[in-house]
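Have a look at the structure below before the remarks.
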Amino acid sequence: NAGVTQTPKFQVLKTGQSMTLQCAQDMNHEYMSWYRQDPGMGLRLIHYSVGAGITDQGEVPNGYNVSRSTTEDFPLRLLSAAPSQTSVYFCASSYNGGSRPSSYNSPLHFGNGTRLTVT
Amino acid sequence: AQSVAQPEDQVNVAEGNPLTVKCTYSVSGNPYLFWYVQYPNRGLQFLLKYITGDNLVKGSYGFEAEFNKSQTSFHLKKPSALVSDSALYFCAVRPDHGGSQGNLIFGKGTKLSVKP
């Protein structure tokens with residue numbers, strides 16, 4: 001199993017450019033999420049999905065869009081990049097989540113991250 | 001507001017000594033508690049979790065964590081530290097009610113440095 005795969009590993013954008021960060025998992029996980037990691041801030045949730053066709057906002061959703069057309073893929077789109085979006089982005093998935101609190105004991109599986117710099 | 005606190009930005013220990021990385025939380029109900037480790041340029045890896053039952057849980061790489069409900073704490077411990085344990089450690093909490101949608105709340109992380 002590849003687990004959670006993120007591409008690209010590194011990306012440099014100019015202010016105003018758009019791009020999509022790709023995330024794919026091969027574990028048939030229902031729950032997928034995107035976090036950004038900034039020094040001294042820990043991990044902050046951007047968007048999440050509890051299944052194909054269902055997405056919702058996390059703590060810091062502004063400037064980002066997501067979609068979930070399949071169980072495997074959960075891309076993150078930056079429509080107009082800003083320097084404040086310079087960060088390391090992590091995609092994560094887990095077996096259960098969403099409407100089944102009794103199954104919240106499943107740990108998250110993380111990708112290796114995308115380091116994004118916006119100049 | 002629900003939150004997780006890791007009061008130490010960095011913990012320094014000598015190899016062979018015991019280590020503790022502290023975590024406290026402020027979450028309603030009976031949350032699920034997790035520890036993750038992050039090595040440089042990698043994603044987070046799951047170490048251990050507390051769901052219910054015995055307050056001392058054992059996880060990967062010889063780590064264990066002690067749950068204390070009255071103090072709302074979930075400290076990570078290891079009896080004898082290794083240089084290879086040097087990494088960034090995150091405590092995370094998942095509220096047990098449906099309104100949370102299963103989202104984890106992370107602490108800011110603690111950098112563990114183990115010196116030979």
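Letters A, B, ... mirror the listed sequences (proteins, then strands); counts begin at 1.
At a 4.5 Å heavy-atom cutoff, Q6(B) makes no contact with chain A through either its backbone or its side chain. For I105(B), no part lies under 4.5 angstrom from a heavy atom of chain A. If you measure heavy-atom distances from Y36(B) to chain A, the contacts under 4.5 Å come from the side chain alone. Interface remark: Q6(A) contributes no atoms to any contact with chain B (heavy atom separation under 4.5 Å). Both the backbone and the side chain of L43(A) have a heavy atom closer than 4.5 Å to some heavy atom of chain B. In this structure, no portion of D9(B) lies under 4.5 Å from any heavy atom of chain A.
Hydrophobic clustering (side-chain heavy atoms under 4.5 Å, transitive across Ile, Leu, Val, Met, Phe, Trp, Tyr) groups V60(A) together with F74(A). When hydrophobic clusters are built by joining Ile, Leu, Val, Met, Phe, Trp and Tyr residues whose side-chain heavy atoms come closer than 4.5 Å, directly or via intermediates, L79(A) is not grouped with V12(A). Hydrophobic clustering of Ile, Leu, Val, Met, Phe, Trp and Tyr side chains at less than 4.5 Å, counting indirect connections, unites V57(B) with L47(B). The cluster map of Ile, Leu, Val, Met, Phe, Trp and Tyr, joined by side-chain heavy atoms under 4.5 Å apart, puts F67(B) and L19(B) in the same cluster. Note on V114(B): it clusters hydrophobically with V37(B), by side-chain heavy-atom contacts below 4.5 Å among ILVMFWY residues.
Across all non-hydrogen atoms, the minimal contact from Y48(A) to N103(B) is CE2-ND2, 3.2 Å. Counting all heavy atoms, side chain and backbone alike, F90(A) lies closest to G43(B) at CE2-CA, 3.4 Å. The heavy-atom pair separating S94(A) from R94(B) by the smallest distance is OG-NH2, 3.8 Å.
Residue-level contacts of residues 109-119 of chain A with chain B, in order of numbering, are F110(A), G111(A), N112(A), R115(A); threshold 4.5 Å between heavy atoms.
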Residue pair Y35(A), L44(B): steps toward the side chain to side chain contact (heavy atoms under 4.5 Å, CB included) verdict: CA-CA 11 Å; Y35(A) 289 87; L44(B) 279 69; over 6 Å; no
Would you please test Q37(A) and F90(B) for side chain to side chain contact (heavy atoms under 4.5 Å, CB included) and show each step? CA-CA 12 Å; Q37(A) 182 179 22; F90(B) 288 94; 3.3 Å; yes
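In terms of heavy-atom pairs under 4.5 angstrom with chain B, the leader among G42(A), G58(A), C91(A) is G42(A).
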